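Here the structure is a predicted model, which means the values were calculated and not measured. We number each residue from 1, following the sequence as shown.
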Amino acid sequence: KQDKEKLQQQREEEERRKQEEQNKELLEVNKVDTGAVGVSGGEPTDPETKSRRDKIREMTKFAWDNYVQYAWGQNELKPISRRGHSASIFGSSAMGATIVDGLDTLYLMGLMDEYKKGRDWIATNLKLEAAADISVFEVTIRFVGGLLAAFAMTGDQMFKDKAVMIADKLLPAFNTPTGIPWALINLKRGNGRNWGWASGGSSLLAEYGTLHLEFAYLTELTGNTVYLDKVKKVREVIQELDKPDGLYPIYLNPKTGKWGQNHASLGAMGDSFYEYLLKSWLMSGKIDNNARRMYDQAMTAIDKMMVQKSPSGLTYVGDYKNKRVEKKMDHLSCFSGGMFMLGIEGAPEELKNRYKELGTELTNTCHESYIRSATKLGPEAFRFEGNVEAMSIRQNEKYYILRPEVIESYFYLWRFTKDPKYREWGWDAAQAIEKHCRTPGGFTGIRDVYNANPAQDDVQQSFFLAETLKYLYLLFSEDTLLPLDFWVFNTEAHPLPVKTSKGAKDSHANDRR
């Protein structure tokens, strides 16, 4: 019996040693020079902006430290219950979403001990092997996007390998009669399906149409055309379809290739498709003219059919349903102010002024939705009905879940206009988040922005670190930090290199594995 126990101990010892060896190998950093431009520094010269930037960094460290302490390896943190949280988009399996999503933000801010801890977890623990249905879109923008950005910024090969590993698990989602991918894929079995609530088994425009940047960059890095082929096919399919009133309906059946109900949106379920048309053109070094044309045509149709002015003169974009425009705008649509500014360069001459107007006016409307609330944070959706403007009327639209879109637009408007009000607006939002969303165990969303002491939802979203805090930090940094000539942000604020910049061109000549 003793011999048996001894043998068992020896075996366990051997196992442990093997595991340690393996981990040591995984922890070794193998770097290539990606020629990354402007991935650190950017410190502002004036003291006020510097102290604001330092405050954003402190908030980030606080959010991260609490995640590490109470939810390490889980997807997100519940800051009040002080435990892990997983939303259905991650198929409820623990995949370290906050680590992968927040990593490039830590790196940008020079939080190097925190970055190293996250990097090592990814190297040893990120596997995505659970038999769970996960969102192809969310995993692409948060995981694949986050890893690709980390690779582009640091040159650490491990990030690229992990991005490829995850993208390969997503590829079976494209096995549909049309090539339009399913919304959900089972990581173990590789079979896909759509959300049960989506119109007639449809895929969603903002999901299947927001994979292009990540998959194009994967092909760029690996020399393997399969990734780019998949997203090119998606674009071909929708390009050939008739657009009712020039608009892209948000539902498309992946089996028949037919649009679902006639509903177009620049908010939920539509938003990032348009953003990726513009950004595909930018990321290609402005040679993907097809994407640029599709973008300008879509914006012209949206301007004509969906952009509205309220009685007091606030410009907003409403959803278009069955030939009518809803008098409502989503917080999600508030990214569009920044997008319109970003799209001015390279636009047809006759559209440039209009894009500038739209960028400025929509950002102003979204700012109004913040300052008309008791907390000075904006609701999930706001309406323009009767004498109510830029406010929520319905209880289920009054929440704020640490969303970035309004701050994202402040960032772009600051970069393009240098009007100091955008920094002030961003600082107001940061202080409101600090006041109403900070708890001793991290940051939480709130249930009613119109209540001065709102109930809290007990979730620190991974995009709070990936996007909200990153855009705030960039707003208070010099333009030399992630200059827009060299970087394009994916829809989760993960920076990917522009193709003509040295970052993408030279470093991968010898990197065709």
Side-chain angles (χ1 to χ4, degrees), residues 39 56-57 59-68 70-79 84-109 111 114-123 125-128 134-154 156 158-160 162-163 165-167 170 210-211 213-214 217 272 332 335 401-405 407-408 442-445 459-474 482 487 489-496:
V39 292
I56 304 304
R57 191 171 182 265
M59 289 165 74
T60 306
K61 183 166 163 38
F62 181 75
W64 173 262
D65 288 346
N66 279 286
Y67 166 77
V68 171
Y70 301 116
W72 185 244
Q74 301 289 312
N75 287 322
E76 291 167 325
L77 163 71
K78 287 177 95 59
H85 168 75
S86 190
S88 62
I89 52 170
F90 306 118
S92 71
S93 60
M95 314 189 319
T98 295
I99 303 173
V100 185
D101 225 0
L103 200 72
D104 57 0
T105 302
L106 299 175
Y107 187 85
L108 270 182
M109 294 185 181
L111 293 166
E114 292 78 1
Y115 162 78
K116 171 116 177 56
K117 186 175 174 67
R119 185 250 170 232
D120 289 351
W121 184 90
I122 291 170
N125 289 289
L126 183 64
K127 298 192 174 73
L128 264 63
I134 48 105
S135 160
V136 174
F137 161 71
E138 295 287 358
V139 169
T140 297
I141 66 169
R142 300 187 198 213
F143 286 77
V144 180
L147 292 163
L148 289 173
F151 171 71
M153 288 165 67
T154 67
D156 185 336
M158 179 275 294
F159 293 127
K160 184 181 82 176
K162 293 281 182 181
M165 176 223 22
I166 294 174
L170 300 177
T210 309
L211 312 168
L213 299 185
E214 296 81 0
Y217 186 44
S272 45
L332 287 165
F335 85 98
I401 56 170
L402 304 172
R403 285 209 189 276
E405 292 78 18
I407 289 164
E408 175 183 348
F443 288 88
T444 168
V459 179
Q460 179 174 283
Q461 304 278 348
S462 81
F463 56 66
F464 180 60
L465 284 96
E467 304 185 69
T468 314
L469 291 163
K470 185 185 286 130
Y471 284 129
L472 279 167
Y473 188 75
L474 289 168
L482 296 181
W487 298 96
F489 292 91
N490 91 333
T491 198
E492 191 79 6
H494 295 305
L496 302 174

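The nearest pair of heavy atoms linking A493 to K470 is O-NZ, 2.8 Å. Among all heavy-atom pairs drawn from V144 and A167, the shortest one is CG2-N, 4.2 Å. The minimum heavy-atom distance between R119 and M158, with the atom names listed, is O-CE, 3.6 Å.
By the 4.5 Å heavy-atom criterion applied to side chains, V459 and I401 are not counted as neighbours. Within the 4.5 Å cutoff, the side chain of V100 has no heavy atoms near those of the K162 side chain. Side-chain contact between D104 and T154: absent, with no pair of heavy atoms (C-beta onward) separated by less than 4.5 Å. L77 is not listed as a side-chain neighbour of T98, based on a closest heavy-atom distance of 4.5 Å or more. Residues L103 and F159 form a side-chain contact, since some pair of their non-hydrogen atoms from C-beta on lies under 4.5 Å apart. The closest side-chain heavy-atom distance from R403 to F463 is below 4.5 Å. Using a 4.5 Å cut-off on side-chain heavy atoms (C-beta onward), L147 and L126 make contact. Between Y67 and I99 there is a side-chain heavy-atom pair separated by less than 4.5 Å.
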Test L106 against T60 for side chain to side chain contact (heavy atoms under 4.5 Å, CB included), laying out the working first.
CA-CA 8 Å; L106 299 175; T60 306; 4.2 Å; yes
Take E114 and V68, measure what side chain to side chain contact (heavy atoms under 4.5 Å, CB included) needs, and give me the verdict at the end.
CA-CA 9 Å; E114 292 78 1; V68 171; over 6 Å; no
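Listed for the T468 side chain is a donor-acceptor partner under 3.5 Å among the backbone atoms of L402. With hydrogens and angles ignored, the 3.5 Å screen pairs a side-chain donor or acceptor of E76 with a backbone N or O of S462. Side-chain atoms of E492 do not come within 3.5 Å of backbone N or O of G146 as any donor-acceptor pair.
Here H494 contributes atom NE2 and F143 contributes atom CZ; the two are 9.5 Å apart, rounded to the nearest 0.5 Å.
For the pair K117 and W72, the cation-pi test (distance below 6.0 Å, angle within 45°) is passed.
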